[in-house]
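Structure, as structure tokens:
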Number of protein chains: 2
Amino acid sequence: MDNKTSRDPAMTDVAKLAGVSHQTVSRVLNDHPNVREQTRLRVRAAIQELGYRPNRAARALVTGKSQLIGVVAQNSTLYGPASLLAAFEEAAAGSGFSVSVGRVKVLDRASIAAAVERHRDQRVAGIVAIAPTASANDALADVPAGVPLVTIDGDPGRPTPLVTVDQAAGAFAATKHLLDVGHRTVWHVSGPADWFDAAGRVQGWQRALEAAGAEVPPVMAADWSAAAGYRAGQMLARMPEVTAVFASNDHLALGVLRAMSERGRRVPQDVSVVGFDDVPEAAYFIPPLTTVRPDFDAVAREALGLLLAQVSDGESAEPRRTIAPTLVSRESVAPPA
Amino acid sequence: MDNKTSRDPAMTDVAKLAGVSHQTVSRVLNDHPNVREQTRLRVRAAIQELGYRPNRAARALVTGKSQLIGVVAQNSTLYGPASLLAAFEEAAAGSGFSVSVGRVKVLDRASIAAAVERHRDQRVAGIVAIAPTASANDALADVPAGVPLVTIDGDPGRPTPLVTVDQAAGAFAATKHLLDVGHRTVWHVSGPADWFDAAGRVQGWQRALEAAGAEVPPVMAADWSAAAGYRAGQMLARMPEVTAVFASNDHLALGVLRAMSERGRRVPQDVSVVGFDDVPEAAYFIPPLTTVRPDFDAVAREALGLLLAQVSDGESAEPRRTIAPTLVSRESVAPPA
DNA sequence: GTCGATTATGTTAACGCTCACTTCATCGCC
DNA sequence: GGCGATGAAGTGAGCGTTAACATAATCGAC
């Protein structure tokens, strides 16, 4: 064995082996120009031979930036945020960044501020916040200007770099689909009012109704849970004039489905239902659910792009992206009886 | 404005303000003894005043360890792994650690090795792997001995630090519950054979049947999806002798529920169904699903504990923990007709 | 061939922290 | 009152990297 088994090889070790200075090794590592091809190869070989890996802490110390992106997200297993997070991690890994997740129980100012602080402690290169509520957005106002920040699903009315799913467009498509099939109007079970996602979907639904000259029934307010969908569904099931329901997400739709089933109202023969999110099980609900599928991968990619643009040049020209979702047609929609 | 607005305050700045040496500041920060109370207070005040935050990169550089824990997990939105991950992040944050997630598309040797490498690049303090398959486990054998490592849901037959849900106990309870209610035997729709979770659940199911002297029907093999559950359910629905089904997770159970419903077999009157995981929607399936709930928070806490023990003292005495799940009784179970 | 420009490489100094020492005071004890 | 032990600080080096500058080698052009 070596006499210093434990210490990882450092840049100087590589340099010695390759017969160059450590600075040249650094240049090779960072793809600087002005390194002779032959030297580059020699250094690469030495790196290989020693199993050298750059020490990111040292690099972070001197550059003041790490290869880490901090994500602030709600500590939930909601399908949307979870998928977004997974997609973002994958995209980041593709660009050589690691992702440090700062989950937050509730989206209030204090919690978010704390999560942001934790990330700044780590000297993250930038922060991505999944901030679907007004309070979460407000909290992000405290983030110092120097920190690159991209918001996902944030306040569409604010001029910060932002990527969102086009909630309104998705909701519009869902509602229009139901109207096109022949329903006179469409009821809506909405997500929590303080979520932009929910608000956007309400908006799209309403616009579609107005565009078709259909009556706009009162919104059934709920949270995102199947439980709330079930409660709303129980009310809707009792009203014979209800023939079409657009639920703000698939779990709400699931609750609606169950309520309808309990009251003997058949889906889709008596009532049509459309959801939002396209959770993997949606195709196996009873009946398979027609729903709106957001492209989380696209959202993640755009967010990463926007963030990295900020990290390097400071600012990007048009710092907001909107991703259009698509309608997925299954068996929960039929013409009214 | 200051002439050096941009630079964050460093330890020396605090030291100057408090009238001590930087080393004393360091001692205060790390709760070393041998600091006079009065000095400690003065330093704390200076820290407060300057808004000083220690530079983790610098600390990591000199200590060789970061306050980061690397997690290797599959890039899936399966409820179990996702919940586990969220719980772990929360537990880690509670101990002042950040979590860097290295998602992996497939649990093969190369991908896992790459994720581990990425984490080692970051000089993580330790690695937690959610490694529910044999191949994932094998890949972890490549992790060098010096790196603290805890496996979650890994190979129960291997002597590495390990935390698992007691799959067999959960499955046993589920199966026994069905037998106790009066069913002569219980059919099983299993998860993918190469997952330890699935294997453990098969084992517990079989033991319960054997303990009761019941016949052991052939296992219906599936993956974790509602789709596979649906396919298995279609077969089971056709067999009149099937009165009770234990599905290896809730999504499989959902598929079974739908297949039964399509074939006109009522749940629970004709067929009883039990799932595993207790996904949030399970209570809103049709009918509400009796299922087995693993305690993900407990798993996360134990895993963190095991990891930190390794980080500090090197090894822990009994490096394996098993967390018993609980049966959640709802309406999908009834005595046979 | 000599000169300025360009290209390739080396040298040195930070970055902000912890660790191993050293220093200086204080205190109890024979 | 001297002496070792203990407590409370300070000093200096070094962690592994990048940035800024200095230097050496190469080259085309007159």
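In what follows, every chain begins at residue 1, and chains take the letters A, B, ... in the order their sequences are listed. Reckoned from all heavy atoms, side chains included, excluding hydrogens, waters and symmetry mates.
When atom types are taken as modelled, the side chain of B/S111 and the backbone of B/L107 share no donor-acceptor pair closer than 3.5 angstrom. A side-chain donor-acceptor contact under 3.5 Å links A/Q310 to the backbone of A/L149. No side-chain donor-acceptor contact under 3.5 Å links B/T164 to the backbone of B/D166. Under the 3.5 Å distance criterion, the side-chain polar atoms of B/R42 are matched with a main-chain donor or acceptor of B/A18.
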Report, one line per pair, each donor and acceptor closer than 3.5 Å where one atom sits in a side chain of residues 27-39 of chain A; sequence neighbours left out.
| residue | atom | partner | partner atom | Å |
| --- | --- | --- | --- | --- |
| A/N30 | ND2 | A/S26 | O | 2.8 |
| A/N30 | ND2 | A/S26 | OG | 3.4 |

Donor-acceptor contacts, no H, no angles, side chain residues 124-134 of chain B, under 3.5 Å, sequence neighbours left out:
| residue | atom | partner | partner atom | Å |
| --- | --- | --- | --- | --- |
| B/T133 | OG1 | B/S135 | OG | 3.2 |
| B/T133 | OG1 | B/A136 | N | 3.1 |

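Relative to the axis of its first five pairs, the axis of the last five pairs of the helix from C/dG1-D/dC30 to C/dC30-D/dG1 sits at 40°, rounded to 10 degrees.
Distance CD (A/Q122) to P (C/dC17): 15 Å, rounded to an integer number of Å. With rounding to whole Å, B/K65 atom NZ is found 16 Å from C/dT18 atom P. In this structure, the CD atom of B/Q67 is 14 Å from the C1' atom of C/dC17, given to the nearest Å.
Paired with B/R301 under the rule side-chain contact (heavy atoms from CB on, under 4.5 Å), one option of B/D297, B/V299, B/L304 passes, and it is B/D297.
By the 4.5 Å heavy-atom criterion applied to side chains, B/L308 and B/F97 are counted as neighbours. Counting heavy atoms from C-beta on, the side chains of B/F88 and B/V99 come closer than 4.5 Å. Side chains of A/Q67 and B/D121 form no contact here, defined as non-hydrogen atoms less than 4.5 Å apart. In this structure, the side chains of A/E90 and B/R103 stay at 4.5 Å or more apart for every pair of heavy atoms. Considering only heavy atoms from C-beta on, A/L84 comes within 4.5 Å of A/I152 through its side chain. The side-chain heavy atoms of A/T151 and A/L140, taken from C-beta on, include a pair separated by under 4.5 Å.
Contact footprint of chain A on DNA chain D: nucleotides with an atom under 4.0 Å from a non-hydrogen protein atom, first to last in 5' to 3' order, D/dG16 to D/dA20.
The stretch residues 51-63 of chain B comes close to DNA chain C through B/Y52, B/P54, B/N55, B/A58, B/R59, B/L61, B/V62, B/T63, each having a heavy atom under 4.0 Å from the strand.
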*Contact state string [nucleotides 5-12 of chain C, B base, S sugar-phosphate only, - no protein heavy atom under 4.0 Å]*: ---SBBBB

